[in-house]
Amino acid sequence: MSYIVDSNTQDEPLLRRLYSNFLKYGPIARVLLDELSVINLSERLNILEKQADNTVSNKINACLKLTDLQSILLQQFSTQDSHAVFMMEPVLNDGCSLKLCSIEYAYSFRSEWIAREYLQQASLYAEGHSRMLFEWMSRRPFASSVAGWVFEEQVHVRLGAGGMHTAVILTPHSELENIYTQHNPGKVSEEDKEGLERHKQDALAKATTGTIRIWLNTNAPMPGRSSLFSSYTDLSKLLRESPSSCKFDTGLDGIYLRPAQSNFPVIDGLVVCVESNNYPRAYFFQMTIAKVHPIRALHLYDLWMALPSNVRREPPALVWVVPKSREEEYTKPQPIDDRNSSKISKGLNPKNWPQYRITIDATEFWGNKALGQRVVGDTSAGRYGTRCIEPRTSG
């Protein structure tokens, strides 16, 4: 956008506004060239800025409908080049003694603002297509497993980022007290028995609200520590203060852990949180988009026995993570396959564990709402996703 104004204009705010538009819309003459009088300059600028914003937005949308960069660039430099999103500049050879026009050229965005607008609209454009594809796969039996993998990976990202998550309690409150009472905490001192009783009463009091809050640490594990495990033995070593210790390593308090492989026998992730009275509790996450997702009790038991003994003093939480479209199927505890349950110690059968549900709005996974904001925020840090497009700084 360019303007012709009275050279005697001394209105500093308006001059700064003109300069900011120069940086915003790009440092080349635009079709919005206009002769402005000082009298109606502010009012006229309002109109022109709105026109420029609409022009850029429409041009970006037109670009996004094309399938490759070359088509986009060819379209830009035509009869409407004054509306271009991109700039085409000659590449001059400084070593050449003759100052000739170069036949080589490079593309760049007209300005950083336009680059951000382009990426934001591109992420919204991708959001719609990604969401439609995910919903289509979810409804097709032959493609639902792929949709399940997509959902699982996106949930891993969300839980791994940390924060507070609200989980609905699926187990009736009347059953929770029995579960805590019948749970086998192993060998504990009299002092620990009293502490566990207080913790039990605290947990039952919180459960009357119908939800619990699960806190996940926003920090990554300490250097040299992994958040991945590949076997029960691997997990057992990871969670302990030392390989021979029976105590949970509080350095992993609230850290989201997950299997290194997607075909781990049971669960998709877990976290151990140190709660009231300094008692650590395990939360096992099972992600699914299916109406029914069977889990074997024996596998859960093997996982349970890999945990440090001070984590096993109170019942764990089995947390189902499901998309909003499956919320109605997960309003009560899910059945646990307890075949071969004779191998499970008394008072530790996972079919009696408290169950919870976290609902995820899968539509928030896509584009601008998920990763797009991070991408848009990084436009000043380098290339914009293709080798021939470089950021144009405003300095």
**Prompt:** Considering the options Val272, Leu238, Asn217, which one meets the side-chain contact (heavy atoms from CB on, under 4.5 Å) requirement together with Leu252?
**Reply:** Leu238
**Message:** Quick check with a 6.0 Å cut-off and a 45 degree axis cone: is Arg281 positioned over the face of Tyr279's six-membered ring?
**Reply:**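 Judged by the rule, Arg281 and Tyr279 form no cation-pi pair.
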**Prompt:** Taking the inter-plane angle between the rings of Trp304 and His183 on a 0 to 90° scale, is it parallel (under 30°), tilted (30 to 60°) or perpendicular (over 60°)?
**Reply:**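 The rings of Trp304 and His183 stand perpendicular, inter-plane angle above 60°.
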**Message:** In terms of relative ring orientation, are Phe284 and Trp353 parallel, tilted or perpendicular, with 30° and 60° separating the classes?
**Reply:**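 Correct class here is tilted.
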**Prompt:** Taking atom CD of Gln261 as the centre, does the number of heavy atoms from other residues, nucleotides or ligands within less than 6.0 Å exceed 12?
**Reply:**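 Check passes, neighbour count above 12.
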**Message:** Around atom CG of Asn278, are there more than 12 heavy atoms from other residues, nucleotides or ligands closer than 6.0 Å?
**Reply:** no
**Asked** In the single-linkage hydrophobic clustering (I, L, V, M, F, W, Y; side-chain heavy atoms under 4.5 Å), do Leu298 and Ile336 co-cluster?
**Response**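 Linked, Leu298 and Ile336 end up in one cluster.
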**Cluster link Leu303 to Tyr283, ILVMFWY, side chain under 4.5 Å** =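 Per the 4.5 Å side-chain linkage, Leu303 and Tyr283 are not co-clustered.
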**Side-chain hydrophobic cluster, 4.5 Å single linkage: members besides Trp215** = Met164
**Message:** Test question: given the 4.5 Å side-chain rule for I, L, V, M, F, W and Y, name all other residues clustered with Leu228, or answer none.
**Reply:** none
**Prompt:** Under the side chain to side chain donor-acceptor pair (under 3.5 Å) test, which residues partner Asp302, sequence neighbours left out?
**Reply:** none
**Prompt:** Looking at CD of Gln121 and CG of Asn58, how far apart are the two atoms once the value is rounded to the nearest 0.5 Å?
**Reply:**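 Output value for this atom pair is 8.5 Å.
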**Asked** Heavy atoms, side chains only, cut-off 4.5 Å: are Tyr330 and Thr359 in contact?
**Response**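 A side-chain contact is absent here, since even the closest heavy-atom pair is not under 4.5 Å.
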**Item:** Least distance between heavy atoms, Val271 atom then Ile214 atom
**Value:** CG1-CG2, 4.5 Å
